[in-house]
Amino acid sequence: MDVAEFRCSVSLSALKLTFMLLFALTPVEGQLVVGSPQPIVAAPGDDVILPCHVEPKVNVVGLTVEWSRPDRNMEYVHLYRHNREMTDMKIPSYFGRTALLKDGLREGNISLRITNVTQEDEGRYRCFVPKLKSQTKSSTVSLIVAKTMTTETTPNS
Ligand SMILES: *[C@@H]1O[C@H](CO)[C@@H](O)[C@H](O)[C@H]1NC(C)=O
Ligand SMILES: *[C@@H]1O[C@H](CO)[C@@H](O)[C@H](O)[C@H]1NC(C)=O
């Protein structure tokens with residue numbers, strides 16, 4: 001192998017190493033928190049899931065996940081911290097009615113389940129992963145609680 005060839009292979013492996021390092025680092029940097037552009041519609045008494053996830057998938061079991069109400073002074077609906085729910089700052093009307101999905105956090109699925117929704121639950125919800133190293137650490141989902149269930153929908157007209 002001559003000198004030029006040798007230099008070439010050295011810089012190639014340096015390049016490869018750089019790429020490998022970039023790959024090892026990007027998973028944390030390139031995440032996005034994605035909610036739902038469409039509102040979730042429910043009737044009083046329904047159980048709903050407010051969709052929100054981290055994309056690409058990353059295990060967020062060890063991270064803090066906050067669900068709050070931007071239209072109610074950012075008060076907490078569900079606060080997950082130190083691997084469990086912290087209820088001390090939660091809006092009282094949500095006591096015992098919220099849950100993150102089982103095994104969801106491991107897959108970056110931070111959707112929130114709310115049982116027995118009422119008219120007061122209607123509004124905007126924000127899902128937020130503060131420790132994510134990304135530009136988009138939060139997203140929002142709107143919940144509409146319709147007073148009466150609409151049974152008449154218009155299918156493909
Ligand atoms: C998160 O989990 C919910 C409930 O299982 C499911 O409906 C939703 O599609 C999941 N989201 C993603 C992005 O996998
Ligand atoms: C659902 O909420 C309504 C109104 O707050 C309450 O009267 C009812 O007992 C609740 N149902 C369940 C199954 O918790």
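In this structure a side-chain-to-backbone donor-acceptor pair under 3.5 Å is missing from R84 to Y80. Proximity of a side-chain donor or acceptor of W67 to a complementary backbone N or O of F128 within less than 3.5 Å is not detected. Listed for the Y94 side chain is no donor-acceptor partner under 3.5 Å among the backbone atoms of I114. R97 places a side-chain N or O within donor-acceptor distance of the main-chain N or O of N116, the cut-off being under 3.5 Å. Judged purely by atom type and a 3.5 angstrom limit, E122 uses its side chain to pair as donor or acceptor with the backbone of V145. Side-chain atoms of N59 come within 3.5 Å of backbone N or O of V61 as a donor-acceptor pair. Checked by atom type and distance alone, the side chain of S142 never pairs as donor or acceptor with a backbone atom of R124 at under 3.5 Å. At distances below 3.5 Å, at least one donor-acceptor pair connects side-chain atoms of N109 with backbone N or O atoms of S111. Side-chain N or O atoms of S139 include one that pairs as donor or acceptor with a backbone N or O of G35 at under 3.5 Å.
Residue M74 holds its CE atom at 5.0 Å from OG of S68, rounded to the nearest 0.5 Å. In this structure, CG in L100 is found 11.0 Å from CD1 in I49, a value given to the nearest 0.5 Å. Atoms CZ and NE2, on R113 and H78 in that order, are 13.0 Å from each other to the nearest 0.5 Å. Summarising the geometry, atom OG1 belonging to T98 is positioned 10.5 Å from atom CG belonging to D121; distances are rounded to the nearest 0.5 Å.
Contact of the C52 side chain with the V33 side chain is registered, since non-hydrogen atoms from C-beta on lie closer than 4.5 Å. Considering only heavy atoms from C-beta on, L101 stays 4.5 Å or farther from L112 through its side chain. Taking the side chain as every heavy atom from C-beta outward, R69 and V77 approach each other to under 4.5 Å. The side-chain heavy atoms of I144 and I40, taken from C-beta on, include no pair separated by under 4.5 Å. Within the 4.5 Å cutoff, no side-chain heavy atoms of K131 are placed close to those of K137. Using a 4.5 Å heavy-atom cutoff, the side chains of D46 and T115 are not in contact. Residues T140 and Y125 fail the side-chain proximity criterion, which asks for heavy atoms closer than 4.5 Å. When side chains are defined from C-beta on, L143 counts as touching V48, because their heavy atoms get closer than 4.5 Å.
Among P39, S36, P37, the single residue meeting the side chain to side chain contact (heavy atoms under 4.5 Å, CB included) criterion with V141 is S36.
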- Message: Under the criterion salt bridge (charged side-chain N to carboxylate O under 4.0 Å, His left out), I'd like the reasoning laid out for E85 against K90: C-alpha separation, chi angles, the key distance, then a yes or no.
- Response: CA-CA 10 Å; E85 195 201 348; K90 187 184 175 103; 2.8 Å; yes
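Both L105 and L50 belong to a common hydrophobic cluster when Ile, Leu, Val, Met, Phe, Trp and Tyr are linked at side-chain heavy-atom distances under 4.5 angstrom. Cluster membership for F95 and I91, using ILVMFWY side-chain heavy atoms within less than 4.5 angstrom, is not shared. Side-chain heavy atoms closer than 4.5 Å link hydrophobic residues (I, L, V, M, F, W, Y) into clusters, and following such links, possibly through other members, connects L63 to I110.
Using a 4.0 Å cut-off between charged side-chain N and carboxylate O, K57 and E107 make a salt bridge.
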